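Basis for what follows: all heavy atoms, side chains included, without hydrogens, waters or symmetry-related copies. What you are looking at is a predicted structure, and each value in this text was computed from that prediction instead of being measured.
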Amino acid sequence: MRIGLTGGIAAGKSTVSARLAELGACVIDYDMLARKVVEPGGAALPRIVETFGGQVLRADGTLDRAWLAEHVFGPFAEPGSRERLDSIEHPLIYREAERLEQTERASRPHAVIVHDIPLLAEVVDALPFRFDHIATVEAPEEARIERMVATRGMTRDQACDRIRHQASAAQRLAIADTIIDSTQPLEQMFEQVDRLYGQWNEEA
């Protein structure tokens with residue numbers, strides 16, 4: 001049973017993902033994989049430097065995420081910057097996700113495997129696999145902006161830039177068969193997640 005899990009930035013997807021892991025799902029976290037490929041020694045880092053220039057690195061040789069974010073998502077980013085970064089990172093991330101899934105299936109053939117993909121609506125057709133179900137975690141845009149400002153140290157303009165560079169709620173809803181409303185009380189949201197996991201386990 002392969003599940004796609006997505007949601008807008010700061011919508012609460014990580015909370016849902018953590019709950020599914022607690023219940024026994026194998027969660028493949030694409031944000032974590034994205035961080036791994038850009039670490040020193042990671043396959044993506046030399047190509048990012050080649051594409052965006054040496055100023056993308058800090059003095060210690062690690063990726064300057066703030067600089068890169070500003071030049072990819074900021075209002076003065078060069079056209080095509082996002083696409084150039086994606087073309088470097090995405091194939092490496094997909095390859096590692098496939099490897100992790102195969103490893104899990106070798107030991108647990110009937111496991112519920114959750115691919116936690118923030119940008120699923122944008123990349124669903126490019127992925128090397130398909131999903132039995134897709135769930136999206138949703139919250140109003142204003143609530144998400146407030147969360148990013150309060151918990152991620154972003155300015156309101158930076159938060160709006162991030163949302164602007166993601167798929168819309170309508171695009172996520174178009175590919176999903178399940179909606180998880182993260183504005184409901186946490187206990188109720190967990191009850192919904194628990195029910196979903198039970199259903200997916202039965203189907204597996």
Side-chain angles (χ1 to χ4, degrees), residues 2-22 25-74 76-78 80-107 111 113-124 126-129 131 137 144 147-155 158-159 161-167:
R2 182 188 293 128
I3 307 299
L5 178 66
T6 192
I9 185 170
K13 178 178 58 59
S14 295
T15 303
V16 171
S17 180
R19 181 66 172 184
L20 287 167
E22 288 176 5
C26 168
V27 176
I28 300 175
D29 182 342
Y30 280 53
D31 271 347
M32 183 191 71
L33 297 183
R35 289 192 294 271
K36 183 177 178 182
V37 300
V38 299
E39 290 175 350
L45 191 57
R47 294 179 56 194
I48 291 173
V49 173
E50 182 181 342
T51 300
F52 292 95
Q55 61 268 40
V56 76
L57 294 179
R58 295 193 182 96
D60 63 359
T62 60
L63 182 67
D64 187 335
R65 295 178 183 279
W67 187 96
L68 185 61
E70 186 64 26
H71 287 77
V72 171
F73 300 108
F76 303 110
E78 290 185 10
S81 295
R82 166 79 178 275
E83 290 74 13
R84 288 194 292 275
L85 181 62
D86 289 348
S87 71
I88 295 169
E89 293 185 350
H90 286 184
L92 299 170
I93 293 169
Y94 302 159
R95 191 180 311 150
E96 180 64 8
E98 282 190 290
R99 187 190 69 79
L100 291 172
E101 179 176 295
Q102 289 169 4
T103 300
E104 180 68 15
R105 291 220 182 277
S107 59
I113 299 182
V114 177
H115 289 251
D116 179 346
I117 310 177
L119 306 179
L120 181 55
E122 292 96 322
V123 303
V124 65
L127 289 167
F129 30 65
F131 299 100
V137 184
R144 293 160 53 206
R147 288 175 187 171
M148 282 186 275
V149 171
T151 65
R152 305 191 185 192
M154 293 185 184
T155 65
Q158 288 172 330
D161 283 340
R162 288 301 181 90
I163 289 175
R164 180 168 55 86
H165 280 85
Q166 285 195 341

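- The closest donor-acceptor contact from the side chain of E104 to the backbone of A111 lies at 3.5 Å or more, if one exists at all.
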Does H71 form a side chain to side chain contact (heavy atoms under 4.5 Å, CB included) with V56? I'd like the steps, not just the answer. CA-CA 9 Å; H71 287 77; V56 76; over 6 Å; no

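- Partners of R35 under the side-chain hydrogen bond (donor to acceptor under 3.5 Å, both in side chains) rule, at least two apart in sequence or in another chain, do not exist in this structure.
- Scanning for ring-ring contact (aromatic ring centres under 6.0 Å, His included) contacts around F52 gives an empty result, with sequence neighbours left out.
- Within the 3.5 Å criterion, the main-chain N or O of R147 finds a donor-acceptor partner in the side chain of T151.
- In this structure, the side chains of D31 and D116 stay at 4.5 Å or more apart for every pair of heavy atoms.
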Under the side chain to side chain contact (heavy atoms under 4.5 Å, CB included) criterion, do R152 and R162 qualify, and how do the steps go? CA-CA 12 Å; R152 305 191 185 192; R162 288 301 181 90; 5.9 Å; no

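- The line from CD of E70 to CZ of F76 is 8.5 Å long, rounded to the nearest 0.5 Å.
- When all heavy atoms are compared, the tightest approach of A167 to A121 is CB-CB, 3.7 Å.
- To the nearest 0.5 Å, atoms CG (L127) and CZ (R2) are separated by 9.5 Å.
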Show your reasoning for whether salt bridge (Lys or Arg N to Asp or Glu O under 4.0 Å) applies to K36 and E39. CA-CA 5 Å; K36 183 177 178 182; E39 290 175 350; over 6 Å; no

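- Formation of a donor-acceptor pair under 3.5 Å by the S17 side chain with backbone atoms of K13 is not found in this model.
- At a threshold of 4.5 Å between non-hydrogen side-chain atoms, the residues L57 and L45 count as touching.
- No salt bridge links R95 with E98; every basic N to acidic carboxylate O contact stays at or beyond 4.0 Å.
- The nearest pair of heavy atoms linking Q158 to M154 is OE1-CA, 3.4 Å.
- Side-chain atoms of S87 come within 3.5 Å of backbone N or O of R84 as a donor-acceptor pair.
- To the nearest 0.5 Å, the span separating CD1 on I88 from CD on E83 amounts to 12.0 Å.
- Under the 3.5 Å distance criterion, the side-chain polar atoms of R144 are left unmatched by any main-chain donor or acceptor of A10.
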Would V38 and R65 count as a side chain to side chain contact (heavy atoms under 4.5 Å, CB included) here? Give the steps. CA-CA 10 Å; V38 299; R65 295 178 183 279; 3.5 Å; yes

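- For the atom pair CZ (R164) and CZ (F73), the distance works out to 10.5 Å, reported to the nearest 0.5 Å.
- Between L100 atom CG and Q102 atom CD the span is 9.5 Å, to the nearest 0.5 Å.
- Between Y30 and Y94, the angle of the ring planes lies from 30° to 60°, which puts this pair in the tilted group.
- When side chains are defined from C-beta on, D86 does not count as touching E122, because their heavy atoms never get closer than 4.5 Å.
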Apply side chain to side chain contact (heavy atoms under 4.5 Å, CB included) to the pair H115 and E101, showing each step before the final yes or no. CA-CA 9 Å; H115 289 251; E101 179 176 295; 2.7 Å; yes

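- Closest heavy-atom contact between S81 and V72: CB-CA, 4.1 Å.
- Side-chain contact check for I48 versus E89: some heavy-atom pair is nearer than 4.5 Å.
- The side-chain contact (heavy atoms from CB on, under 4.5 Å) with F131 is formed by just one residue from the set V114, I117, L5, I3; it is I117.
- Within the 4.5 Å cutoff, the side chain of E96 has no heavy atoms near those of the M32 side chain.
- Interatomic distance, Q166 CD to I9 CD1, rounded to the nearest 0.5 Å: 5.5 Å.
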